[in-house]
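Everything on this sheet refers to the single structure shown next.
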Amino acid sequence: MTNYDLDDQSQTQRPDIETTLNDLRDGEENNHVAATVFYGLSGLQAEELTALSALWDSLSPDYRRHVVSELAEAAETNFDLDYDVLGQFALNDDDEDVREAAIELLWENNSLNVMERLIDMAHNDAATHVRAAAVSALGSFILWRELEELPIEETISALDTALELLNDPEVDVRRRALEAVANSSHEIVASAIEAAYKSDEHKMRVSAVFAMGRTADETWHDEVLAALQSDDSELRYEAARAAGELMLEDAIKYLRKVVLDDDREIKEVAIWSLGEIGGAEATKVLQRLLKDAENSDDEALIDAIEDALGSSTLGSASFYMLQHYDDDQK
């Protein structure tokens, strides 16, 4: 029997659909997704999808959601896996949580067909959290449009949808629309972020700080630094991320404290941010953190810090080369 190792990204052999479906069915009892399922549901062909459809609805909603979520997580680290066909199929699932998981599974898909389906879901899905996830996913299409990686005219509907949903009655939809719109250079972005930041709704303030980072605009320097010092953990998290995206050197003295946060997610995003900002000061902070992580034998944190140090060193080297290139031209 072939052993399908998800850690082996060179794995190319794929189980047949019958084996895949049998293992998928057998895994429901223990809520387990076998390695054969990960590979067997990748790159589905039309006839294989037909076979899957016959089984899919007989599986419990909880298990279907678990399967789709597990596939999404696997696809983040194994780029040989292709779940586009399954993801588009699951967008039409009767269960709202499965539909939401399917949106995550398709996060890297940039086809216009998926974009149109997400637009429809953002407007019309019966579940608010699915509508919010759909407009959030449209943010990628808005960014690809901004970078001219997708046709500007054909993707204007994604931006129009997010702009329209800035006024949605549901706060979860509004906040995700703001985050999506922040990927564009539309003239409304700055005023929309400012209004959300001053809002009485906590969720809107948190999303405003997230959006500040997406703009690549240092206009938000003071707001991000203020949020970094907030007692609110969600604001600190988004501010730490935004500081890295905006590469705010002034944030380092605050990030030095944030990396000591008891909240693991805040600690890790602050480490990432220091790597993005780079430079001698950020590198020193990261090196001290690395020693502490090594002393506590925290392998996950060690990996995160080493990745950040790599980014910091790369950024510093690039700046050094650019600076000396400019000097040579004088």
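What's counted below: heavy atoms across the whole structure, side chains too, no hydrogens, waters or symmetry copies. These figures come from a predicted structure and were not determined experimentally.
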Would you check if [X] and [Y] make a side-chain contact, meaning some heavy-atom pair closer than 4.5 Å?
{"X": "Lys257", "Y": "Leu228", "value": "no"}
{"X": "Val67", "Y": "Leu24", "value": "yes"}
{"X": "Met121", "Y": "Leu91", "value": "yes"}
{"X": "Val259", "Y": "Tyr254", "value": "no"}
{"X": "Glu194", "Y": "Glu223", "value": "no"}
{"X": "Leu255", "Y": "Val285", "value": "no"}

Task: side-chain contact (heavy atoms from CB on, under 4.5 Å) partner of Ile305, the single match among Ile302, Asp303, Asp307, Leu309 - done: Leu309
Open item on the list: Quick check on side-chain contact (heavy atoms from CB on, under 4.5 Å): which of Leu163, Leu159, Val135 does Ile142 satisfy it with?
Closed with: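 For Ile142, the side-chain contact (heavy atoms from CB on, under 4.5 Å) check succeeds only for Leu159.
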Ion pair [X]/[Y], N-O distance below 4.0 Å:
{"X": "Glu170", "Y": "Arg174", "result": "no"}
{"X": "Glu245", "Y": "Arg241", "result": "no"}
{"X": "Arg236", "Y": "Asp261", "result": "yes"}
{"X": "Arg131", "Y": "Asp125", "result": "no"}
{"X": "Arg14", "Y": "Asp80", "result": "no"}
{"X": "Arg214", "Y": "Glu179", "result": "no"}

Does the side chain of [X] pick up a donor-acceptor pair with the side chain of [Y] at under 3.5 Å?
{"X": "Ser312", "Y": "Thr283", "value": "yes"}
{"X": "Asp93", "Y": "Trp56", "value": "yes"}
{"X": "Ser136", "Y": "Arg176", "value": "no"}
{"X": "Thr36", "Y": "Asp23", "value": "yes"}
{"X": "Arg117", "Y": "Asn92", "value": "yes"}
{"X": "Asp232", "Y": "His202", "value": "yes"}
{"X": "Thr19", "Y": "Asn22", "value": "no"}

- [ ] Under the side chain to side chain contact (heavy atoms under 4.5 Å, CB included) rule, what do Glu28 and Ser60 come out as? Steps first, then yes or no, please.
- [x] CA-CA 8 Å; Glu28 181 173 16; Ser60 71; 3.3 Å; yes
For [X], does the [atom1] atom have more than 12 heavy-atom neighbours from other residues, nucleotides or ligands under 6.0 Å away?
{"X": "Asp262", "atom1": "CG", "answer": "no"}
{"X": "Glu265", "atom1": "CD", "answer": "no"}
{"X": "Glu73", "atom1": "CD", "answer": "no"}
{"X": "Glu201", "atom1": "CD", "answer": "yes"}

For a quick test of your reading: what N or O donor-acceptor pairs under 3.5 Å do the side chains of residues 147-155 make, sequence neighbours left out?
{"unit_1": "Thr155", "atom_1": "OG1", "unit_2": "Pro151", "atom_2": "O", "d": "2.6"}
{"unit_1": "Thr155", "atom_1": "OG1", "unit_2": "Ile152", "atom_2": "O", "d": "3.4"}

Open item on the list: Here's a test for you: under side-chain hydrogen bond (donor to acceptor under 3.5 Å, both in side chains), which of Glu234, Arg175, Glu238 qualifies with Ser207?
Closed with: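 Result: among Glu234, Arg175, Glu238, Arg175 is the only option passing the side-chain hydrogen bond (donor to acceptor under 3.5 Å, both in side chains) with Ser207.
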Report all side-chain donor-acceptor pairs from residues 100-109 shorter than 3.5 Å, counting only partners two or more places apart or in another chain.
{"unit_1": "Glu100", "atom_1": "OE1", "unit_2": "His129", "atom_2": "ND1", "d": "3.0"}
{"unit_1": "Asn109", "atom_1": "OD1", "unit_2": "Ser111", "atom_2": "N", "d": "2.8"}
{"unit_1": "Asn109", "atom_1": "OD1", "unit_2": "Ser111", "atom_2": "OG", "d": "2.8"}
{"unit_1": "Asn109", "atom_1": "ND2", "unit_2": "Asp84", "atom_2": "OD1", "d": "3.4"}
{"unit_1": "Asn109", "atom_1": "ND2", "unit_2": "Asp84", "atom_2": "OD2", "d": "3.1"}

Open item on the list: Hydrophobic clusters here meaning ILVMFWY residues chained together by side-chain heavy-atom distances under 4.5 Å, can you tell me if Leu178 and Leu246 are in one?
Closed with: yes
